[in-house]
Amino acid sequence: MTELTLPGNLSPAYGQSFSEFGDVVTLARSGMQLLRRPLPDGMHDLIGLYPYAMCSDWRALTEDLQDLHGSGAVSVVFVGDPFQTDAIATETQGWALSNPFKTHFTVDLRENWRQARSEVVRRLSRRALENQTFACLDPSPAQANGLWALYQNTIVRHNVSGIQRLSLKCLSAQLAVPGLELIEARDESGLTGAITAFIHGSTAVAHLEFLAAGSHAKRTSYGLLHVMLETLEAKGCHEVTLGGCAGMHDDLSDGLAQFKSKWATGTRRAMLCGAVLDEAAYAALSAYAGVAVTDFFPRYRAPLGRLAWDPQSGTS
């Protein structure tokens with residue numbers, strides 16, 4: 001598979017959609033795309049793209065990491081593709097951080113996922129499908145303004161922060177990434193919601209949901225997820241991850257996690273991985289950041305410290 005045909009989160013176009021948050025760095029051997037974040041004295045660190053860092057070849061990550069030593073990079077951190085957890089765990093043995101990260105709900109489309117849902121979920125899905133029109137559309141940056149307006153409701157409802165808040169510019173660019181599926185819902189009031197997913201061969205990642213005010217009463221989410229799964233199934237996908245709960249902690253009582261669990265036929269654990277590339281600089285920056293002992297990685301980027309990262313600063 002050539003670079004030009006890499007789909008979804010692997011695509012160079014997906015990496016470039018985040019370019020306003022930092023310079024995009026592509027590791028030469030593995031193909032992993034990372035954001036370069038500036039640090040004092042000309043140093044920098046690297047962070048994976050949202051929601052998952054993906055590689056064309058995970059076995060090449062170790063050599064890529066060796067190349068980063070002495071490059072001015074202080075550390076690297078990312079959440080790995082949940083469909084590649086075993087390979088990632090192997091490649092990140094001995095890193096400063098290599099831990100399971102949150103429960104990610106998955107649907108195996110080779111199973112009878114329709115009947116696996118509860119009767120309540122099936123009934124609410126039918127209600128949504130009967131009262132709204134759902135369509136799989138060709139995505140285009142021209143759709144960004146309408147979707148961005150709806151995404152503000154998602155941001156408020158789930159208290160979305162950090163890089164996952166995205167921006168209008170970022171969303172517009174992602175609507176042109178190869179491998180993206182877009183499903184919209186409408187009724188007599190207009191656009192009630194939408195959902196996007198990226199296909200990576202036999203697996204797929206549910207990406208963003210956009211909901212209009214009042215869509216909860218219309219059960220729009222149920223219709224969107226049903227149509228998305230049918231669309232991915234028809235395109236030959238075997239398994240899709242719906243993601244996990246909102247935020248950084250694995251709170252299965254979270255409303256978003258509970259909704260996703262209603263559809264799941266299984267779960268996977270992604271890996272949160274981090275490596276220190278310059279021990280002396282890491283220690284000095286951690287002291288400068290002025291934060292108490294914390295399990296946040298990298299420590300010097302801990303919230304409320306001097307070097308906490310605000311990716312939304314200056315975005316459009």
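The structure presented is a predicted model; accordingly, all values stated were derived computationally and were not measured.
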Ring centroid separation His104 to Phe83 under 6.0 Å: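 No: the rings miss the under 6.0 Å criterion.
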Between Phe78 and Tyr52, ring centroids under 6.0 Å: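 When the ring centroids of Phe78 and Tyr52 are compared, they turn out to be at least 6.0 Å apart.
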Side-chain heavy-atom pair [X], [Y] within 4.5 angstrom cut-off:
X	Y	result
Pro40	Leu307	yes
Pro303	Phe296	yes
Met54	Gln33	no
Met271	Leu97	no
Leu225	Met228	yes

Quiz question: by atom type and distance under 3.5 Å, do the side chains of [X] and [Y] form a donor-acceptor pair?
X	Y	result
Glu239	Thr203	no
Arg36	His44	yes
Glu91	Thr62	yes
Gln174	His207	yes

Enumerate donor-acceptor pairs with a distance under 3.5 Å from any side-chain N or O in residues 208-217 to protein atoms, sequence neighbours excluded.
unit_1: Glu209; atom_1: OE2; unit_2: Ser221; atom_2: OG; d: 3.0
unit_1: Ser215; atom_1: OG; unit_2: Ala212; atom_2: O; d: 2.8

Results of side-chain contact (heavy atoms from CB on, under 4.5 Å) for Asp67 - residues two or more places apart only: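 Arg29, Asp64.
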Partners meeting side-chain contact (heavy atoms from CB on, under 4.5 Å) with Asp57 (sequence neighbours left out):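 Per chain and number, Asp57 pairs via side-chain contact (heavy atoms from CB on, under 4.5 Å) with Arg59, Ala60.
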Listed partners of Phe297 passing ring pair (Phe, Tyr, Trp, His ring centres under 6.0 Å), at least two apart: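 Listed in chain order: Tyr282.
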Those residues that, when tested against Trp113, pass ring pair (Phe, Tyr, Trp, His ring centres under 6.0 Å) (two or more places apart):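 Applying ring pair (Phe, Tyr, Trp, His ring centres under 6.0 Å) to Trp113 gives His226.
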Contacts table for residues 134-143: side-chain donor-acceptor under 3.5 angstrom, sequence neighbours left out:
unit_1: Ser140; atom_1: OG; unit_2: Ala142; atom_2: N; d: 3.1
unit_1: Gln143; atom_1: OE1; unit_2: Ser140; atom_2: N; d: 2.6
unit_1: Gln143; atom_1: NE2; unit_2: Asp138; atom_2: O; d: 3.4

For the side chain of [X] and the backbone of [Y], is there at least one donor-acceptor N/O pair under 3.5 Å apart?
X	Y	answer
Ser167	Cys170	yes
Ser11	Val177	no
Ser172	Leu168	no
Lys102	Gly244	no

Measure the spacing between [atom1] of [X] and [atom2] of [Y] and express it to the nearest 0.5 Å.
X	Y	atom1	atom2	value
Ile47	Leu34	CD1	CG	9.0 Å
Leu166	Phe21	CG	CZ	6.0 Å
Leu27	Cys55	CG	SG	7.0 Å
Thr241	Asp81	OG1	CG	9.0 Å
Leu150	Asn145	CG	CG	12.0 Å
Trp263	Tyr222	CH2	OH	8.0 Å

Could you note down all residue pairs passing salt bridge (Lys or Arg N to Asp or Glu O under 4.0 Å) where [range] supplies at least one of them, sequence neighbours left out?
range	result
residues 112-123	Arg114-Glu230, Arg114-Glu233, Glu119-Arg122, Glu119-Arg126
residues 275-284	none
residues 185-195	Glu184-Arg186, Asp187-Lys218

Heavy atoms of other groups near Asp41 CG, more than 12 under 6.0 Å: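 Atom CG in Asp41 is not crowded, with 12 or fewer foreign heavy atoms closer than 6.0 Å.
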Trp148 and Tyr151 aromatic ring geometry - parallel, tilted or perpendicular at 30°/60° bounds: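 Tilted, since the angle between the ring planes falls between 30° and 60°.
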Test side chain to side chain donor-acceptor pair (under 3.5 Å) applied to Gln93 and Ser98, step by step: CA-CA 7 Å; Gln93 278 186 333; Ser98 181; over 6 Å; no
Carboxylate-amine/guanidinium proximity below 4.0 Å for Asp23 and Arg37: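 Result for this pair is no, no salt bridge flagged.
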Qualifying residues under salt bridge (charged side-chain N to carboxylate O under 4.0 Å, His left out), relative to Lys262, sequence neighbours excluded: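 In terms of salt bridge (charged side-chain N to carboxylate O under 4.0 Å, His left out), with neighbours along the sequence ignored, Lys262 is linked to no residue.
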Working for side chain to side chain donor-acceptor pair (under 3.5 Å), residues Glu181 and Thr231: CA-CA 8 Å; Glu181 297 295 325; Thr231 300; 5.8 Å; no
With Arg110 via side-chain hydrogen bond (donor to acceptor under 3.5 Å, both in side chains) - residues at least two apart: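 Partners of Arg110 under the side-chain hydrogen bond (donor to acceptor under 3.5 Å, both in side chains) test: Asp108.
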Residue pairs fulfilling side chain to side chain donor-acceptor pair (under 3.5 Å) with at least one residue in residues 285-295, sequence neighbours excluded: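 Applying side chain to side chain donor-acceptor pair (under 3.5 Å) to every pair that reaches into residues 285-295, excluding sequence neighbours, yields nothing.
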